[in-house]
Amino acid sequence: MSKDFTFTIKSLRLDENYHPANSTRITTNFANLARGESRQANLRNALKMIDNNFNALAYWDNAQGDRYSVELEIISVDIDIDGGGESFPSIEVLKTYILDNKTGERIEGIVGNNFSSYVRDYDFSVRLLAYNKGKPQFSIPEDFGDLHGKLFQYFVNSEAYKQNFKKLPVICLSVSDNKTYHRTENQHPVLGFEYLPNESSLTEQYFKKMGLQVRYFMPPNSAAPFAFYFFGDLLNDYSNLELISTISTMGTFQRIYRPEIYNANAVAGAVYKPNLKNLDHSLTQIVYDREERSRLAIEQGKFAEEHFIKPYQTILEQWSAHCAQ
């Protein structure tokens, strides 16, 4: 099948004046911050936290701790399935840039970081729930994540991606609270100590279908490890400053959204089991509605079903069947 899908890439600066686009998933990290009476203060404080975290990690030739600033762009990718001009919001990620305030240089960082996808909402919050309804034991469909994974790889290998980005994406997520992580002796100067999970998670399996590997590292100044999803060689394909831009950005978001894990008062030890009921943690001065985020994931999944999965089901099934893994 020679069907070509068309991608349109748009970018928008994420600063204290940011307003979410209509097509943006409201549960996305940055969009959740940019709502309500505290929206501008939320964004300003979060961006300041990112800068502070970056300078704490990039401490060499940085005695005052203010050499660098991080700039963020929201990258929105729309997909046109049938060439009719109707596009669906496919994914949103973040692109980092590093401003060296000493030299004036603006350094390109990493694309990815955050990962937002309506189709992933459909898979986890609509399809998976429907598949398991009335069943005594939880299970997943054999082809779970196949379509999403093929669409993501198709985008990363597209001319649209290659024309806009120099390197492959890195996505940074929180660890799973139902897994146990064991610290190894492997230590990277920026990423920190590597951890290994006791078993594979559903998220790992889902991202594997997107072509992504995963490694777990706990950077200096972090209370817990992060999951880094990537293509290629995470430790050698990216510079220290590029990696720090991802750690500082996603570390800040996780301190806001997962304070029980990432703003815990006790740092992860040699054996670590994340606990979302951990009371020994500190809260940031940033307003965030976690309950609303969970509820909206189902609404967003139904939106994908209504506007993408069902209207283009035949085309997508034929394309997926003929698409190389």
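Values below: every heavy atom of this structure, side chains too, minus hydrogens, waters and symmetry copies.
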Counting only heavy atoms not in [X] (residues, nucleotides, ligands), do more than 12 fall under 6.0 Å from its [atom1]?
X      : atom1 : result
Gln64  : CD    : no
Lys162 : NZ    : yes
Lys133 : NZ    : no
Lys208 : NZ    : no
Tyr59  : OH    : no
Gln205 : CD    : yes
Lys273 : NZ    : yes

Anything under 30° is parallel, anything over 60° is perpendicular, the rest tilted; go ahead and classify [X] against [Y].
X      : Y      : result
Tyr154 : Trp319 : perpendicular
Phe253 : Tyr257 : parallel
Phe165 : Tyr161 : tilted

Please report whether the ring centroid of [Y] lies less than 6.0 Å from that of [X].
X      : Y      : result
Phe124 : Phe144 : yes
Tyr262 : His281 : no
Phe226 : Tyr216 : no

Scan Asn113, Ile110, Ile171 and name whichever one has a side chain to side chain contact (heavy atoms under 4.5 Å, CB included) with Leu94.
Asn113

Ala227 to Val214 - nearest heavy-atom pair and separation:
CB-CG2, 4.1 Å

Filter on salt bridge (Lys or Arg N to Asp or Glu O under 4.0 Å), then keep only pairs touching residues 231-251, sequence neighbours left out; what's left?
Lys167-Glu242

Only pairs under 3.5 Å count here: list side-chain donor-acceptor contacts from residues 186-193, not counting sequence neighbours, and write none if there are none.
unit_1, atom_1, unit_2, atom_2, d
Asn186, ND2, Glu194, OE1, 2.8
His188, ND1, Val190, N, 3.0
His188, ND1, Leu191, N, 3.0

Is it possible for you to check whether Arg106 lies under 6.0 Å from the centre of the six-membered ring of Tyr97, through NZ or CZ, and within 45° of that ring's axis?
yes

For Phe308, does the six-membered ring have the charged nitrogen or CZ of Lys310 within the cation-pi criterion, i.e. under 6.0 angstrom from the centroid and within 45° of the normal?
no

Could you check Phe115, Tyr206, Phe207, Phe7 and say which one makes a ring-ring contact (aromatic ring centres under 6.0 Å, His included) with Phe152?
Phe115

If Ile, Leu, Val, Met, Phe, Trp and Tyr residues are connected whenever their side-chain heavy atoms lie under 4.5 Å apart, and connections chain through other members, are [X] and [Y] in the same group?
X      : Y      : result
Ile107 : Leu99  : no
Leu196 : Leu202 : no
Leu151 : Ile315 : yes
Leu283 : Leu279 : no

Going by atom types only, do [X] and [Y] share a side-chain donor-acceptor pair under 3.5 Å?
X      : Y      : answer
Thr8   : Asp80  : no
Asn53  : Thr252 : yes
Asn275 : Glu260 : no
Lys150 : Ser320 : yes
Ser282 : Asn265 : yes
Asp51  : Tyr68  : no

For the atom pair [atom1] ([X]) and [atom2] ([Y]), what is the distance rounded to the nearest 0.5 Å?
X      : Y      : atom1 : atom2 : value
Ser76  : Leu12  : OG    : CG    : 7.0 Å
Leu14  : Leu43  : CG    : CG    : 6.0 Å
Ser125 : Lys302 : OG    : NZ    : 10.0 Å
Ile98  : Ser245 : CD1   : OG    : 4.5 Å

Arg67 and side chain to side chain donor-acceptor pair (under 3.5 Å): which partner among Asp100, Thr103, Asn55?
Asp100

Working note: Arg127 + Asp143, criterion salt bridge (Lys or Arg N to Asp or Glu O under 4.0 Å); need CA distance, chi angles, decisive distance, verdict.
CA-CA 11 Å; Arg127 188 183 180 204; Asp143 63 347; 2.6 Å; yes

Would you mind checking if Arg44 and Glu16 are paired as a salt bridge, meaning a charged N to carboxylate O distance below 4.0 Å?
yes

Is there side-chain contact between Tyr195 and Phe217, with at least one heavy-atom pair below 4.5 Å?
no

